[in-house]
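The first residue of the sequence shown is numbered 1, and numbering continues consecutively from there. Any value given below was found using the heavy atoms of this structure, including those in side chains, with hydrogens, waters and symmetry copies removed.
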Amino acid sequence: MKRLVAIFMTMSVMCSGSAQSQDSKIIGQPDVKIENGVMTPEVLWSFGRVGNVCVSPDGKQVAYTVTYYSIAENKSNSDIYVMGVDGTDKKQLTNTAAREGSLAWHPDGSAILFLRDGALWSIDPKNQVEKKISAIDQQIDDYLMAPTGDKVAFAITTKLEKYQASEVHSDLDKANAMVYDDLMYRHWDSWKDGTYSHIYIGAIDAGSTVTKVEDIMANEPYDSPVKPFGGMEEIAWHPNGKALVYTSKKLTGKEYAFQTNSNLYWYDLDTKQTRLLTPDMPGYDKHPVFSPDGSKLIWLSMERGGFEADKERILMLDLNTNERKDLSEKLDASPSSLQWTADGKMIYFTAPYQEAYQLFRLTLKNGEITKLTEGDHDYQNVQIVGKDGVLVTHTTSVKPAEIYRVNLKTGKGEEISFVNKGLLDKLSKPTMEKRFVTTTDNKQMVTWVVYPPNFDKTKKYPMLLMCTGGPQGALSPSFSYRWSYMLMASQGYVVIVPARRGTSGSGQEWNDAISKNHGTQDEQDLLAAVDAISKEPWIDENRIGAMGASYGGYSVFHLAGTHKGRFKAFLAHCGIFNMEFMYSTTEEMFFEEWETGGAPWDKDNKVAQNSYAHSPHLLVKNWDTPIMVVHGEKDFRVPYSQGMAAFNTAQMLGVESKLLIFPTENHWVLAPQNAIVWQREFFKWFDKYLK
């Protein structure tokens with residue numbers, strides 16, 4: 001579940017995104033009422049969400065999208081903007097009821113490409129003239145233009161198999177049953193329906209239009225990009241446009257469910273042959289990037305198969321000598337957002353350092369890795385502009401994503417987009433601080449503390465403990481639109497977010513320590529942070545609550561049976577309550593296999609049996625504190641029966657409890673009105689017991 005953390009905590013992407021179907025009403029920046037500078041859920045959903053950031057080939061302009069949500073309409077739309085890389089000359093290019101996304105500059109810099117309603121379009125940033133480029137029958141999910149500008153790779157949903165009863169039994173056209181005989185019959189929030197994401201390649205004709213495409217994965221029951229979260233960063237064109245490398249997990253059924261083994265494949269456009277580039281590599285291999293001259297290929301790779309939270313390495317393949325090398329061996333962190341310099345001598349990337357994503361430089365000549373930035377922020381999505389600068393997206397826990405330009409000589413970042421400045425200026429804003437707490441085994445643990453607006457040390461405040469999910473993943477100061485510490489602090493709470501054992505921003509050893517050890521030292525880490533911060537004179541020790549989602553929900557359920565009166569209220573979202581049942585009902589079964597060490601029925605496996613001995617459901621005899629349970633019915637990662645079991649148990653035990661169920665939501669809450677319900681119920685619950 002490590003990947004969920006990063007995806008959940010940030011909604012900004014570089015040169016990628018999705019386009020939704022045409023809507024009837026243009027949604028722009030909402031006119032939201034702000035009273036006394038206080039942030040509310042409605043204000044949170046009024047922020048413009050910056051994404052799809054793309055620098056022009058000449059490095060002088062940047063295109064990006066801004067998405068606004070309408071609570072009343074319960075939906076959103078995005079429009080395209082462009083500005084200079086210094087933040088000047090801002091201009092809105094589209095203003096439609098459609099949702100434009102997946103931005104990319106044409107290689108010659110003449111136009112910005114984008115998706116609208118499943119078709120590929122271009123727009124001239126000078127005169128705003130639009131042109132539809134694709135003229136094919138298929139709906140386009142995403143795309144990647146070749147550097148040569150004459151071909152495009154499309155991701156297109158392709159039907160190969162029949163699982164619906166009405167397809168198998170043609171005389172029963174109204175039947176809505178599904179028939180399966182293998183595992184991986186559902187994934188994340190979707191039942192397997194016989195469709196796969198395939199890569200198609202089309203040539204751009206003399207009229208600058210793609211009229212015909214060819215499936216390079218014809219009849220293969222595999223996905224590229226890899227579902228459920230893969231995008232076109234999993235595909236790379238060779239600079240000469242004659243080949244591409246793509247990521248795919250070419251496994252099915254039980255093998256797919258128990259393995260993380262995605263691989264890189266080379267496709268030659270002339271021979272139409274595909275070859276495997278990463279044999280005998282059992283972990284994830286993904287995100288390929290060619291060097292500017294096409295002689296080298298770098299990608300992210302995990303060494304240990306079955307472990308989705310292993311360290312990601314930057315591997316490099318010399319395509320002339322076939323030599324493979326680990327470039328990030330000296331880095332005790334997982335890098336992301338790899339970017340070559342134009343001369344092919346250096347690579348820029350981001351990686352977590354003390355639980356905050358910083359910008360790094362890797363020099364190929366000597367293998368030296370240099371950290372270039374400092375600060376309590378998240379830098380993501382690197383794009384190089386000139387010799388001395390890069391553009392990144394920047395967030396903190398109390399500020400949504402904006403585009404920053406970082407000076408590579410000084411390491412200083414400067415905001416250039418200011419999409420939300422007007423709204424932020426009207427708010428009394430919380431502040432955040434990084435602290436280090438000594439754990440019970442004498443380690444130094446990063447703990448984020450978010451203070452209410454106008455914080456007064458002479459007053460007493462209630463406190464909320466955030467039990468993070470994952471259980472792995474960097475606990476960085478990214479901005480969330482659901483677990484919004486900015487919103488929580490604005491309601492008068494001090495929020496503490498400990499980077500307990502298992503978070504990946506404090507080194508791989510710290511990351512690995514939680515596997516097969518759930519509810520042990522990681523729980524002691526959480527309590528150490530609570531005990532340390534609650535000693536402050538401005539914390540009311542009698543008004544402390546605990547909250548968390550996914551593995552954080554497990555932590556809440558576990559703490560409910562062990563906390564010995566520290567907390568006055570709990571809230572668990574999509575949490576694991578019964579670990580034995582979780583093993584058999586989740587969909588990516590490699591996760592539970594690795595984390596627990598084996599199946600619950602293997603009584604001779606001492607490691608696995610020790611894991612299951614820490615299942616929260618075994619501690620319910622100690623439950624005596626009010627608890628709220630939240631779950632989505634379309635959550636296939638942690639099935640909603642886990643939340644039902646926890647709530648039902650609390651009710652049967654006579655523990656004051658509340659259940660909030662979302663029939664149409666998955667592991668997250670994505671629809672605006674559902675999110676407002678979630679946030680209102682959240683504060684209603686904690687305010688009752690902590691205020």
Side-chain angles (χ1 to χ4, degrees), residues 41 447 449-452 459-469 480 482-485 487-498 500 519 523 526-536 538-577 616-617 619-631 642-662 669 677-691:
T447 299
V449 182
V450 186
Y451 300 96
K459 294 182 178 180
K460 291 279 189 180
Y461 293 89
M463 183 168 76
L464 291 175
L465 165 70
M466 179 63 186
C467 305
T468 188
S480 171
R482 183 159 55 89
W483 294 93
S484 173
Y485 309 137
L487 179 60
M488 295 174 193
S490 294
Q491 311 312 306
Y493 290 97
V494 171
V495 185
I496 65 168
V497 192
R500 52 98 183 113
E523 181 168 281
L526 295 174
L527 294 175
V530 170
D531 293 344
I533 306 301
S534 64
K535 291 177 183 177
E536 296 286 358
W538 32 266
I539 291 295
D540 186 339
E541 294 184 21
N542 296 312
R543 294 189 293 155
I544 301 176
M547 57 186 177
S550 195
Y551 184 81
Y554 163 93
S555 298
V556 168
F557 290 144
H558 201 275
L559 280 168
T562 64
H563 71 110
K564 298 180 181 180
R566 280 184 176 87
F567 302 100
K568 294 300 182 285
F570 292 108
L571 186 147
H573 183 117
C574 294
I576 302 164
F577 176 67
H617 82 283
L619 298 168
V620 295
K621 65 181 183 296
N622 299 326
W623 281 22
D624 59 4
T625 304
I627 188 165
M628 181 173 174
V629 178
V630 186
H631 226 110
Q642 294 278 338
M644 288 174 54
F647 173 73
N648 293 355
T649 299
Q651 287 282 303
M652 289 184 282
L653 290 170
V655 175
E656 190 168 355
S657 47
K658 180 183 284 191
L659 176 66
L660 176 59
I661 282 286
F662 293 101
V669 178
V677 169
W678 142 249
Q679 286 152 350
R680 288 178 180 175
E681 291 293 333
F682 176 98
F683 291 114
K684 186 190 299 183
W685 179 256
F686 278 121
D687 288 356
K688 178 179 179 180
Y689 298 102
L690 305 185
K691 289 187 177 181

Test side-chain contact (heavy atoms from CB on, under 4.5 Å) applied to S534 and I544, I496, D540, N542, the passing residue: I544
Heavy-atom closest contact (G545 atom, F686 atom, distance): CA-CE2, 4.1 Å
Minimum heavy-atom distance between L653 and V620, given as atom pair plus value: CD1-O, 3.3 Å
Atom of C467, atom of S555 and distance for their closest heavy-atom approach: CB-CB, 3.8 Å
Validation row, ring centre Y554 to ring centre F557 under 6.0 Å: no
Any donor-acceptor N/O pair, R500 side chain to L527 backbone, under 3.5 Å: no
F570 backbone acceptor or donor facing W685 side chain under 3.5 Å: yes
Min side-chain heavy-atom separation L559-L465 under 4.5 Å: yes
Distance flag, aromatic centroids of Y451 and W538, threshold under 6.0 Å: yes
Approximate separation, where rounding is to 0.5 Å, of Y493 OH and D687 CG: 3.5 Å
Minimum side-chain heavy-atom gap T649-H617 below 4.5 Å: no
Aromatic plane relationship, F682 with W678 - under 30° parallel, 30 to 60° tilted, over 60° perpendicular: perpendicular
Step-by-step side chain to side chain contact (heavy atoms under 4.5 Å, CB included) determination, M547 to L464: CA-CA 7 Å; M547 57 186 177; L464 291 175; 3.9 Å; yes
Check against side chain to side chain contact (heavy atoms under 4.5 Å, CB included), T562 and N622: CA-CA 7 Å; T562 64; N622 299 326; 5.8 Å; no
Distance, nearest 0.5 Å, that separates CZ of F683 from CG of L690: 11.5 Å
S657 vs V629 side-chain heavy atoms within contact, under 4.5 Å: no
pair M644-H631: side-chain heavy atoms closer than 4.5 Å: no
Minimum heavy-atom distance between Y461 and G492, given as atom pair plus value: CD2-O, 3.6 Å
Min side-chain heavy-atom separation K688-K658 under 4.5 Å: no
D624 CG to H563 NE2 distance, which is reported to the nearest 0.5 Å: 5.0 Å
Check: G552 main-chain N/O paired with S550 side-chain donor or acceptor under 3.5 Å: no
Pairwise distance CD(E541) to CG(D531) - rounded to 0.5 angstrom: 8.5 Å
Chi angles and distances behind the side chain to side chain contact (heavy atoms under 4.5 Å, CB included) call for V669, H573: CA-CA 10 Å; V669 178; H573 183 117; 3.7 Å; yes
Validation row: L571, V556 side chains within 4.5 angstrom (heavy atoms): no
For Y689, the option from E656, R543, K568 that meets side-chain hydrogen bond (donor to acceptor under 3.5 Å, both in side chains): E656
Closest approach of M488 to W483 (non-hydrogen atoms, all atoms of both residues): CE-CE3, 3.8 Å
Heavy-atom check, side chain of V530 versus side chain of F567, under 4.5 Å: yes
Side chain Q642, main chain I576, donor-acceptor under 3.5 Å: no
Heavy-atom pair with the smallest gap, counting every atom of L487 and P41: CD1-N, 3.7 Å
Trace of the side chain to side chain contact (heavy atoms under 4.5 Å, CB included) decision for Q651 with F647: CA-CA 6 Å; Q651 287 282 303; F647 173 73; 3.5 Å; yes
Neighbour count >12 (heavy atoms, 6.0 Å) for atom NZ, K459: no
